[in-house]
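See below for the structure under consideration.
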Amino acid sequence: MVPLGWIGGVIGLILATMVSLYANALIAYLHELGGQRHIRYRDLAGFIYGKKAYNLTWVLQYINLFMINTGYIILAGSALKATYVLFRDDGLLKLPYCIAIGGFVCAMFAICIPHLSALGIWLGFSTVFSLAYIVISFVLSLKDGLQSPPRDYEIPGDGVSKIFTIIGASANLVFAFNTGMLPEIQATIRQPVVKNMMKALYFQFTVGVLPLYLVAFTGYWAYGSSTEVYLLNSVNGPVWVKASANITAFLQSVIALHIFASPMYEFLDTKYGIKGSALNAKNLSFRVVVRGGYLAFNTFVAAFLPFLGDFMSLTGAISTFPLTFILANHMYLKAKKDKLNSSQKLWHRFNIGFFAIMSLAATISAIRLISVDSKTYHVFADL
């Protein structure tokens, strides 16, 4: 909202919701292509294009998931630091230290939860944590907005800087709605797979987006262009309430990261033949070394460049646009070419070209934003 303003932000969020629903629906309809289920994104691409596309899709998907995981570790560190500052604002516990602690907790959780289906009750906790954060953020933002003087809603920056910021924000919009792992999610759904997946998508992109809209619009209304990237740094209220919200954000980040890291864990477990009991000494030591090492690198990147908004822009640009929009339209065009009329084919080609241009422009913008912020704040910045 901050780099787009009211008109651009509202229209942008609604458009991003609509195009994300459309692109994900295209992938969902291809799940049973050729009479077989494609339970991984790369499997679907490999079936349509061949081995090279399988490998390219694998790379794009794991770049996407790596960047998402990095963002969650930054978010966990930001929440932890915000909690500390509420009680002791002495500058001793800096953001990179908090990110390191967050990464360690994520690694411990990854070691203790061997696979996605073992999350069990943690998914229930995740829902509670999300709802708590949403309610507290909304109520405190609403209270501040009603008590505050008129706010400035001008888009920050000027000239070229403003243009780059707006382009980068477009990547943030699509990043907010897409995971790059729809076939993996669809693989867990019972028959009829496509029909049930579409029900889930319709629910997610109607009712499911309302909490996001609620927090985004209320937060921007309350604080204007001075709104912090991490909203809870802007709100005012009782210390215990803000601390509770920060702690829920931290814990939710740990659980959510595990979900998005699971495809990488599954790939590594399969590659190295990890089977049998999760408590087996070999399996346990494998998780400690491999998952711990993977998250250690994630944590280093997060601490090195702890710019959450910039990472969201870069992730949207280099992986979400190609994976969710360009590839989805092209795969659907290739798989259904005999069933599409000329205007439908033209529509998909237009989408491919448009999102390719958006991806290139957003990548340049995101790299520029990270470069500028790195010069402003230096690496391992304490934001």
Side-chain angles (χ1 to χ4, degrees), residues 1-20 67 71 74-75 78 82 134 137-138 140-178 209-236 305-318 320-321 325 354-378 381 383:
M1 293 296 293
V2 172
L4 293 172
W6 272 119
I7 296 176
V10 172
I11 294 175
L13 274 170
I14 294 172
L15 284 177
T17 304
M18 294 170 63
V19 297
S20 296
M67 299 290 283
I74 295 173
L75 180 58
S78 299
I134 290 165
S137 298
F138 169 69
L140 294 183
S141 296
L142 181 64
K143 178 183 70 68
D144 286 348
L146 292 172
Q147 296 175 352
S148 298
R151 276 77 70 192
D152 176 19
Y153 296 109
E154 284 293 319
I155 297 174
D158 58 307
V160 175
S161 176
K162 184 180 289 188
I163 294 172
F164 276 110
T165 303
I166 291 172
I167 294 172
S170 69
N172 273 5
L173 291 174
V174 297
F175 170 81
F177 294 108
N178 296 281
V209 297
L210 295 181
L212 187 151
Y213 287 176
L214 185 69
V215 174
F217 294 153
T218 307
Y220 185 61
W221 166 76
Y223 310 107
S225 57
S226 64
T227 310
E228 296 281 351
V229 174
Y230 180 58
L231 181 60
L232 291 180
N233 285 337
S234 295
V235 303
N236 299 293
L305 295 169
F307 313 120
L308 183 60
D310 296 352
F311 258 99
M312 289 170 62
S313 295
L314 187 61
T315 305
I318 68 175
T320 306
F321 271 129
F325 297 99
F354 174 76
F355 287 116
I357 294 170
M358 287 296 297
S359 177
L360 178 61
T363 299
I364 295 171
S365 174
I367 292 173
R368 181 184 180 277
L369 287 170
I370 290 175
S371 176
V372 170
D373 282 344
S374 296
K375 291 177 182 177
T376 305
Y377 298 108
H378 66 76
L383 303 179

Give, for atom [atom1] of [X] and atom [atom2] of [Y], the distance between the pair rounded to the nearest 0.5 Å.
{"X": "L15", "Y": "S170", "atom1": "CG", "atom2": "OG", "result": "11.5 Å"}
{"X": "F355", "Y": "T320", "atom1": "CZ", "atom2": "OG1", "result": "12.0 Å"}
{"X": "F164", "Y": "R368", "atom1": "CZ", "atom2": "CZ", "result": "5.5 Å"}

Exercise: identify the closest heavy-atom pair between [X] and [Y]:
{"X": "L13", "Y": "M1", "answer": "CD1-SD, 4.1 Å"}
{"X": "Y230", "Y": "A82", "answer": "CE2-CB, 3.9 Å"}
{"X": "L232", "Y": "S137", "answer": "CD2-OG, 3.7 Å"}
{"X": "S20", "Y": "F177", "answer": "OG-CB, 3.6 Å"}
{"X": "E228", "Y": "S234", "answer": "N-OG, 3.0 Å"}
{"X": "A171", "Y": "A362", "answer": "CB-CB, 3.9 Å"}

Side-chain (S225) to main-chain (Y153) donor-acceptor, under 3.5 angstrom: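 Not confirmed, S225 side chain does not pair with Y153 backbone.
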
Side chain to side chain contact (heavy atoms under 4.5 Å, CB included) between L142 and W221, intermediate numbers included: CA-CA 8 Å; L142 181 64; W221 166 76; 3.9 Å; yes

Taking only residues two or more places apart in sequence or in another chain, which ones pass side chain to side chain donor-acceptor pair (under 3.5 Å) with [X]?
{"X": "T17", "result": "Y213"}
{"X": "S141", "result": "none"}
{"X": "Y220", "result": "none"}

Any residue meeting side-chain contact (heavy atoms from CB on, under 4.5 Å) with [X], in chain and number order, not counting sequence neighbours:
{"X": "E154", "result": "D152"}
{"X": "I7", "result": "I11"}
{"X": "D144", "result": "S148, Y223, V235, N236"}
{"X": "I163", "result": "I167"}

Side chain to side chain contact (heavy atoms under 4.5 Å, CB included) between I155 and W6, intermediate numbers included: CA-CA 9 Å; I155 297 174; W6 272 119; over 6 Å; no

Heavy-atom side-chain contact between [X] and [Y] under 4.5 Å:
{"X": "V215", "Y": "L231", "answer": "yes"}
{"X": "T165", "Y": "P156", "answer": "no"}
{"X": "L4", "Y": "N172", "answer": "no"}

